[in-house]
Undergrad: 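Sharing a structure below in structure tokens format, with a few things to ask.
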Amino acid sequence: MANEIPVYDAEAIETKWQEEWDKSDTFKARDESDRPKKYVLEMFPYPSGDLHMGHARNYSIGDAMARQARMRGFEVLHPMGFDAFGLPAENAAIKNKTQAGAWTYQNMDTAVATMKRMGFSYDYDRLVRTCDPDYYRWGQWAFLKMWEKGLAYRATSPVNWCPSCNTVLANEQVVDGKCWRCGEVPEKRELSQWYLRITDYAQELLDDLDKLTGWPENVKAQQRNWIGRSEGAEIDFALAAEDGVTPTDRLITVFTTRADTLYGVSFFLLPPESPLAAELVAGTEYEEAFNELKKSVEQISSVDRQGSDREKHGVFTGRYVINPLTGAPAPIWVADYILLDYGTGAVMGVPSGDQRDFDFARKYDLPIPPIIAQKDDPLYEELKDEQGLRVTNVDWDHAMDAEGYLIQSGPFTGMKGGKHSEAVDAIIAHLSERGIGRSKVQFRLRDWLISRQRYWGNPIPMIHCDCCGDVPVPYEDLPVRLPDDLDLGAGETLAEYAPFYETTCPKCGKPAKRITDTMDTFTCSSWYYLRYCDPHNDQAPFSKELVDRWMPVDNYIGGIEHAILHLLYSRFWTKVMRDLGMLDFDEPFTNLLCQGMVKDKNGDTMSKSKGNVVPPSSVIGPYGADTMRLAILFIAPSEKDFNWDEEVVAGANRFIKRAWRTVWSLAETADANVSLDVAKLDAAGKELYRRMHEMGIKCTTDFDRAQFNTAISAVMELVNDASAYLNKVRIDKRDAALTFVVARAIVAMLSPICPHWAEELYHEALGFQTSVYDEPWPEFDEESAKASTIQIAVQVLGKVRARIDVAADAPKDELEAVAREAVTKFIEGKTVRKVIVVPGRLVNIVAK
RNA sequence: GCCCGAGUGGCGGAAUUGGCAGACGCGGAGGUCUCAAAAACCUUUGUCGAAAGACGUGCGAGUUCGAGUCUCGCCUCGGGCACCA
């Protein structure tokens, strides 16, 4: 073969193969293939400009997986698309006096060009853009289906309004009390908004996390936190008449996880926003103080209101409730630490069972009856027989005790109390029997608020008619198209744009008004992975057959910032589609990999404002895409953050060039037509052959567990060994079959990561006519990876004292004998109590 | 406060099940080639020590012949939730 090794010209090679792949069908996913399927998916980008390093990392990981899976015999679906609706397009349109669509499409073109320049193996025939009417039409379809099932609804309630984005936000989009997009602190506004009933699925969303064994623990934990299930009880308290002691028919229900503390109720709490509280104080001497409190709460932001160390404020309402077990009256207070929208919006105050109630009671001098004590506490003896005396305020230090045994609690005294305790069960059972309480599971999760008062999104397909109310747009009228001639620059909004909203009622035919809210962009990204399975379907969002053929996604790769938002919504959407009979599985993503962030060399996040952004093009230019991909995957494990380091890129480039030369040198003698006879190899050849299998196995298993940094290091070792072989063995003594097999193994193993480099060597150095991705991944076996002699450690009392070379299959007694000999000076004059022989590992002699 | 992670050389990081800690790479040192430089290649590189050796995976205990890995108790850092009753 060639005498002179060609220079590694990354740019020329990469251009050549990118053009080749563009023309070929190598990466088209074939629906009809009978190979086993593998669906590799990276979270699609928002097209806000060109791709950044985070994208490059995300897609390098996914592409390595997809390419390797293809070689392992899978039919691979590896699609890409764009999450194309969203506020940045609108802002850019306003700023640049263009259309949001034009801006978005241009960015998508730029991003696709960069993806191709990076050599990502996407099936571009399946490209999905969520702003295409062909796509968003089916989002509207799904909304209507949910409307029919009662899963989509409209309600008026206090919502988070972002004054900077001029729209409402979902609970999940308020991160650290701030807007997830712009960081502004949202205001509470009372608005009529559209919701999806994700709470119907709260229990299943929680339970099915246990099925997701391929998900990182922290993501599952975050979702569990977010869903926030707590088991407890609802208990009905009767409102007392104005005399404060006579129960009325009016019941106020509380939710509590600590029904066992019911005897310790010394006051009752309502939130400042409570309409009931307003009613109770209306026209009384307490009204003024109440209004003041309410006003002060409205004035502080949600950020300031949260935090358990904030001082609590409360006012008395002048009214009482009656404890359903003791019949004792408890004063109703309004307190700013009570939330309107959790539980029933009313809370029983138990200062001896709850830190917050305790703090509140101390501040306002409310009674603190001890109801729980340890059995060795004198208080326990003193109060265990108290039935109705209601001893209070014995001793501040004793007063708060959440775990222990009940005292002065009627028939329940002496029972073990605490969360999920026997006393909880007993009291709930007792209340249930009498019909004044019941066990209840409460979730923190709220329904998903999906309406947005923004233009660049998917219109909610509903019409409001003064006679008929909210009427769905008929399916045959879908999609409700977004107008593209709105003058955003002049501040025009969808709500003011008559050609869009003026319509007639589909039910009665009278003039009616279209809903001008659009859907949260997260609705678009909740099902795009389903659309990829059947992207051109114009009869349905996707066919069941194709979705069941490709789904679930086997490997999903993306940023941890979506741990709750996108990943929770998508799981919900999948379950809804399942219940609509659209598909046959419960969870969309089998294995999830959350890649770490790419930071600058000082460990700061890259951002335009800081001016520390390293664009992918700055690396591709001087080094090429293959070097960049290699560097990104080698620098750290995929899930860890890393700091960008030019030295690592230079190192990766050095390796790629070295491996290039090594493969070409091996190719000088390589002959594909000679079959390998291991027995005939010389010692150096045998060792290289063995190492190829050893490193091949390591590399393969590392690919399986997505450990690309160590997979690469295995190839590096093999390249080092091959180059040692080349140095040691004269060219005329090299084995033609061996050099071929090793060269092919190196190229194949690196091909998922450095695809252009690999294709070039595969064709030009090794003489293949087919793509490396049409060839199977090389086979490696344990037997060939075994060495005949190995070095093992000899320990005396656990300390390594010698190393011995022994036959790999040497029997235990022989190992022991050789080992004893090697460490004589350490065991002389001592008694050998025990000898542990671990074949292949070590010998440990216990001598004292 | 509750729930998850993670702490290993100068640096990024290795070490499927308890079995030779530091693979691979970066950086450093020395060398070969060169008029010189770059590139490339070779040697070396945990700490202390001339060496023998000792010490070494955040800290402290424990289990074990043997612990980075298991148990208990801490510390630090990162992330999530949080006045959620």
Side-chain angles (χ1 to χ4, degrees), chain A residues 175-177 216-230 232 254-258 261 269 271 305-312 335-339 341-350 353-357 359-360 442-446 560-561 563-564 630-631 634-637 639-643 645-652 654-655 657-658 661 695 698 701-702 704-705 707 709-717 719-720 723 727 791-803 832-848:
Chain A
V175 179
D176 289 335
E217 209 46 57
N218 63 334
V219 173
K220 289 191 279 186
Q222 280 184 49
Q223 293 213 356
R224 280 191 196 100
N225 272 340
W226 188 261
I227 296 167
R229 183 182 196 272
S230 46
V254 297
F255 172 75
T256 179
T257 55
R258 295 294 305 273
T261 63
L269 294 157
R305 194 173 168 187
Q306 66 180 231
S308 49
D309 43 1
R310 216 183 86 82
E311 187 170 346
K312 297 163 181 37
D336 59 357
Y337 68 100
I338 305 303
L339 305 171
D341 59 351
Y342 184 76
T344 59
V347 176
M348 60 189 210
V350 186
D354 183 283
Q355 184 66 50
R356 294 156 300 181
D357 296 345
D359 296 342
F360 192 77
Q442 186 65 44
F443 293 95
R444 213 190 65 97
L445 182 72
R446 298 296 135 79
I560 187 75
E561 67 274 17
I564 294 171
L630 181 73
F634 182 64
I635 189 167
E639 58 284 347
K640 284 194 72 170
D641 289 354
F642 72 75
N643 298 349
D645 183 355
E646 181 74 21
E647 299 285 3
V648 174
V649 184
R654 206 173 303 150
F655 169 70
K657 288 196 279 193
R658 192 154 54 86
R661 287 191 303 270
M695 290 303 117
K698 181 163 167 34
T701 52
D702 284 347
D704 288 345
R705 43 185 199 140
Q707 285 242 350
N709 56 334
T710 50
I712 292 165
S713 77
V715 184
M716 285 174 167
E717 288 194 57
V719 169
N720 291 346
S723 118
N727 282 340
Q791 193 178 65
I792 68 169
V794 183
Q795 297 181 333
V796 178
L797 279 171
K799 288 195 173 181
V800 179
R801 295 300 183 180
R803 290 173 217 277
V832 174
R833 297 246 174 105
K834 201 171 172 184
V835 179
I836 290 104
V837 182
V838 185
R841 298 282 185 188
L842 53 68
V843 177
N844 188 10
I845 299 172
V846 186
K848 279 179 184 167

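Naming convention: chains lettered A, B, ... in sequence-line order (proteins, then strands); numbering from 1 in each chain. We use all heavy atoms of the structure for the numbers below, so side chains are in, but hydrogens, waters and symmetry mates are not.
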Undergrad: Taking atom P in both B:U8 and B:G18, what distance in whole Å separates the two?
TA: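 Each nucleotide's P atom is 23 Å from the other's.
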
Undergrad: Could you say whether A:Lys657 or A:Asp357 is positioned toward the 5' end of RNA chain B, judged by the nucleotide with the nearest heavy atom to each?
TA: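 Result: A:Lys657.
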
Undergrad: Tell me whether the OP1 or OP2 atom of B:G27 has a side-chain N or O from A:Arg654 closer than 4.0 Å.
TA: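 It does, given that an N or O in the side chain of A:Arg654 lies less than 4.0 Å from OP1 or OP2 of B:G27.
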
Undergrad: Hey, is the side chain of A:Lys799 poking within less than 4.0 Å of OP1 or OP2 on B:C55, counting only N and O atoms?
TA: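 Indeed, a polar side-chain atom of A:Lys799 lies that close.
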
Undergrad: Taking 4.0 Å as the cut-off, does a side-chain nitrogen or oxygen of A:Lys312 come that near to OP1 or OP2 on B:C83?
TA: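 Negative; the distance criterion is not met.
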
Undergrad: Does A:Thr710 have a side-chain nitrogen or oxygen under 4.0 Å from the phosphate oxygens OP1 or OP2 of B:G13?
TA: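 No, A:Thr710 has no side-chain N/O under 4.0 Å of OP1/OP2 on B:G13.
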
Undergrad: Closer than 4.0 Å, any side-chain N/O of A:Arg841 to the OP1 or OP2 of B:G18?
TA: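 Checking B:G18 against A:Arg841, no side-chain N or O comes under 4.0 Å of OP1 or OP2.
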
Undergrad: CG of A:Asn709 versus C1' of B:G13: gap in Å, rounded?
TA: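 Distance, rounded to whole Å: 7 Å.
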
Undergrad: Establish, yes or no, whether the cationic atom of A:Lys312 lies under 6.0 Å from the six-membered ring centre of A:Phe360 and within 45° of the ring axis.
TA: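 Output no; distance or angle outside limits.
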
Undergrad: Taking the P atom of each, how far is B:U71 from B:G19, in whole Å?
TA: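 About 15 Å, rounded to a whole number of Å.
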
Undergrad: It should be established whether A:Arg444 places a side-chain nitrogen or oxygen under 4.0 Å from OP1 or OP2 of nucleotide B:A82.
TA: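 Yes.
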
Undergrad: Name the closest nucleotide to the A:Ala221 side chain, picking from B:C41, B:A85, B:C3.
TA: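 Within the option list, the nearest is B:C3.
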
Undergrad: Is it true that a side-chain atom of A:Arg444 and a backbone atom of A:Trp226 form a donor plus acceptor pair closer than 3.5 Å?
TA: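 Pair found, side chain donor or acceptor close to backbone of A:Trp226.
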
Undergrad: Within less than 4.0 Å of OP1 or OP2 of B:A54, is there a side-chain N or O belonging to A:Arg801?
TA: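 Yes, A:Arg801 has a side-chain N/O under 4.0 Å of OP1/OP2 on B:A54.
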
Undergrad: What's the gap between B:G49 and B:U69 when it is taken at their P atoms, as a whole Å value?
TA: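 After rounding to an integer number of Å, I get 29 Å for this pair.
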
Undergrad: Could you check if the base of B:G73 is syn or anti? Syn means the glycosidic torsion is within 90 degrees of 0.
TA: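 Classified anti.
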
